[in-house]
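Reading through the structure tokens given below for one structure.
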Amino acid sequence: MKRTHSCGELKKKDIDKEVTLCGWVQKRRDHGGLIFIDLRDREGITQVVFNPKISKESHRKAQGLRSEYVLSVGGKVSPRPRGTENKSLPTGEIEVLASKLEILNESQTPPFEIADRVKALEDLRLRYRYLDLRRRPMQENIILRHRVAKATRDFLDKKGFIEVETPILTKSTPEGARDYLVPSRVNPGRFFALPQSPQLFKQMLMVAGFDRYFQIARCFRDEDLRADRQPEHTQIDLEASFVEPGDIYALIEEMMSYLFKATLGVRIKRPFPITTYQEVMDRFGTEKPDIRFDLELIDVTEIGKEGDYRIFKEAASIKGIRAPKGENLSLKEIEKLSEIALVYGAKGLAWLKVTKEGMASPIAKFFSEKVKNSLMRKMKAEEGDLLLFIADKPEIANGALGQVRLALGRKLRLINEKGYRFLWVIDFPLLEFDEEEKRFKAMHHPFCMPKEGDLPLLEKEPLKVRSKTYDLVLNGVELGTGSIRIHDPRLQKRVFRLLGLGEEEISFKFGFFLEALEYGAPPHGGIALGLDRLVMIMAGRETIRDTIAFPKTQRATSLLTGSPSLVSEEQLKELRLKIER
RNA sequence: GGGGACGUCGUCUAGUCUGGUUAAGACACCUGGCUGUCAAUCAGGAAAGCGUGGGUUCAAAUCCCAUCGUCCCCGCCA
């Protein structure tokens with residue numbers, strides 16, 4: 001036994017105990033006659049004092065200690081002299097008077113300081129991830145992640161869910177994201193795909209009668225990265241038989257409530273509001289609205305067209321948003337908002353300031369007092385407000401103004417950073433039209449059940465068909481996606497055909513799955529929640545990289561290991577692969 | 001595929017717009033002093049030729065071109 005206690009637990013009550021601590025040298029303060037070492041481990045920091053009167057030998061050895069050396073220190077816990085207690089440290093009332101010192105390992109001077117507040121840039125942190133992970137905030141993130149995963153398992157176990165592992169080496173299927181492929185040496189020219197999600201396996205587990213399944217599942221997608229997107233991410237994946245959407249809502253709401261309580265001690269308000277896709281698009285311009293603040297998009301198409309402003313008159317849709325007290329925003333700040341609108345495809349951002357003297361704006365002259373007044377009324381505008389408008393195709397007007405809304409929320413400090421506001425977004429369209437490929441694509445995935453009432457439209461007006469889908473949104477972040485699935489093989493085939501899949505392709509790609517549905521597949525549904533994103537929000541971080549022990553860069557490489565890397569000719573030959581140069 | 005920001009001692013920055021002495025500071029590091037520090041302190045020291053390659057110029061960290069890397073975003077991500 002190298003240690004008797006952790007570096008975070010010794011308190012007044014331990015005074016006079018003989019203890020042995022192990023840890024890293026956080027800091028050495030050498031006063032010549034007296035040396036202080038802050039010894040750090042996962043649990044905290046304890047001050048160790050080397051006094052030649054207690055041990056000449058240890059004091060001599062301690063002179064050679066440097067940052068990040070690994071030590072085992074034996075000594076007596078004693079109260080700090082009156083007036084030298086450190087209130088900012090949980091162990092600050094005591095210190096260990098070292099009588100024994102063993103240097104377990106030395107350390108090079110680290111490339112950056114192991115401090116709570118990082119100064120090092122992220123690429124350096126990633127290259128030395130094991131040092132970055134020594135920092136307390138990173139340890140807290142990873143430990144929080146562990147607690148969330150643990151609480152998830154506890155909760156779902158109690159609810160009768162069985163954790164089942166599904167293959168990592170699986171089959172490439174069309175639709176969705178690009179697959180990561182793995183060549184098969186035993187079957188030259190053939191490839192496994194890493195799963196984008198365990199979707200088909202969990203459905204087949206329902207066919208198998210497991211009734212309730214879950215998995216903390218790694219998912220792989222070979223797409224471009226973002227702050228909240230990594231090539232491999234982890235989902236809390238679950239599926240249940242004989243359920244309605246309401247069963248899933250209730251389960252997930254209870255689970256979220258349990259997770260937040262168990263890990264953060266935070267109470268979550270239930271039930272979560274439920275809104276349709278159509279409604280959130282109209283009101284917030286996005287399928288994942290941040291409802292921590294109220295600003296909503298307002299349809300002013302009718303009123304806007306009454307003026308003489310050509311751009312309004314010719315637009316299919318005019319959406320407006322009211323920035324309370326936005327009068328104070330400078331032209332430059334409005335210009336910034338307008339740039340955001342441009343990025344999201346709008347051609348411009350029109351604005352009106354409501355001042356004492358009336359409407360101040362380059363476009364005010366195009367509108368009569370009457371029109372201006374009805375605009376004011378419709379948007380519930382008050383003096384001092386700034387009104388912003390985008391006139392365009394409905395998708396653009398909504399989408400771009402939705403982004404302006406988010407920027408406004410931040411700019412005007414309307415967002416309660418400490419709040420957790422969940423929202424269900426339901427009834428997504430089953431399909432969307434891909435302009436590039438000129439065909440229908442599944443909005444979520446091809447296994448979502450269409451709403452029964454919309455079934456007659458399936459072949460006639462496919463875009464009007466809504467599906468039994470539900471997205472869970474938290475603070476403007478898409479946390480998870482789920483649906484009731486198709487369990488009828490005939491209906492599943494109809495949907496495949498709608499997606500433009502030929503009979504041959506259907507049986508090649510999905511034959512095994514359709515066959516499974518033929519053998520008494522129960523009605524079922526489920527959801528998958530992004531664990532990385534959930535922990536990111538809980539930890540108050542801006543990127544999921546801070547919640548993943550060993551993440552990849554935006555170019556999908558590991559700076560730590562240098563992967564992906566070249567492989568030997570022999571390896572390629574064995575796989576019968578040739579690299580084109 | 002596209003847009004943007006950044007790259008200077010170990011680290012983080014200043015310097016770059018407006019080319020011109022020994023490229024500056026803080027932290028870290030090294031040596032020495034110091035028995036109550038915890039952002040220890042005092043004295044001294046070492047440390048980068050400015051991501052890489054090319055070009056312009058009497059002269060390039062600074063201007064131009066290319067390239068590499070990191071980050072943010074659009075597209076993409078069911």
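Naming convention: chains lettered A, B, ... in sequence-line order (proteins, then strands); numbering from 1 in each chain.
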Contact letters for nucleotides 43-53 of chain B, in which S counts primed atoms plus P, OP1 and OP2 and B counts the base, heavy atoms under 4.0 Å: -----------
Respond yes when some side-chain nitrogen or oxygen of R80(A) is under 4.0 Å from OP1 or OP2 of rU37(B), and no when none is. no
Does the pair R533(A)/D228(A) count as a salt bridge with the N-to-O cut at 4.0 Å? yes
Atom NZ of K411(A) with >12 non-hydrogen neighbours under 6.0 angstrom: no
State whether a side-chain donor-acceptor pair under 3.5 Å links T481(A) with D471(A). yes
Can you tell me if NZ on K332(A) sees more than 12 non-hydrogen neighbours from other groups inside 6.0 Å? no
Which of parallel (below 30°), tilted (30 to 60°) and perpendicular (above 60°) describes F496(A) and F510(A)? parallel
Would you find more than 12 non-hydrogen atoms of other residues, nucleotides or ligands less than 6.0 Å from R127(A) atom CZ? no
Parallel, tilted or perpendicular: which fits the ring planes of Y130(A) and Y128(A), with parallel below 30° and perpendicular above 60°? perpendicular
Could you give the distance separating rG2(B) and rC76(B) at their C1' atoms, to the nearest angstrom? 12 Å
Can you tell me if R545(A) touches the phosphate of rC72(B), counting only side-chain N or O atoms and a distance under 4.0 Å to OP1 or OP2? yes
Compare the aromatic ring of F112(A) with the six-membered base ring of rU11(B) and state whether they stack according to the 5.5 Å and 30° rule. no
Note: R80(A)-E85(A) ion pair, threshold 4.0 Å (strictly below): no
What one-letter contact string describes nucleotides 24-34 of chain B from 5' to 3', where B marks a base within less than 4.0 Å of any protein heavy atom, S marks contact via sugar-phosphate atoms alone, and - marks no contact? ---SSSSS--B
Would you find more than 12 non-hydrogen atoms of other residues, nucleotides or ligands less than 6.0 Å from Q108(A) atom CD? no
Return the residues of residues 83-91 of chain A meeting this criterion: a heavy atom under 4.0 Å from some atom of RNA chain B. Order them by number, or give none. T84(A), E85(A), N86(A)
Judged by whether its glycosidic angle lies within 90° of 0, rG49(B) is syn
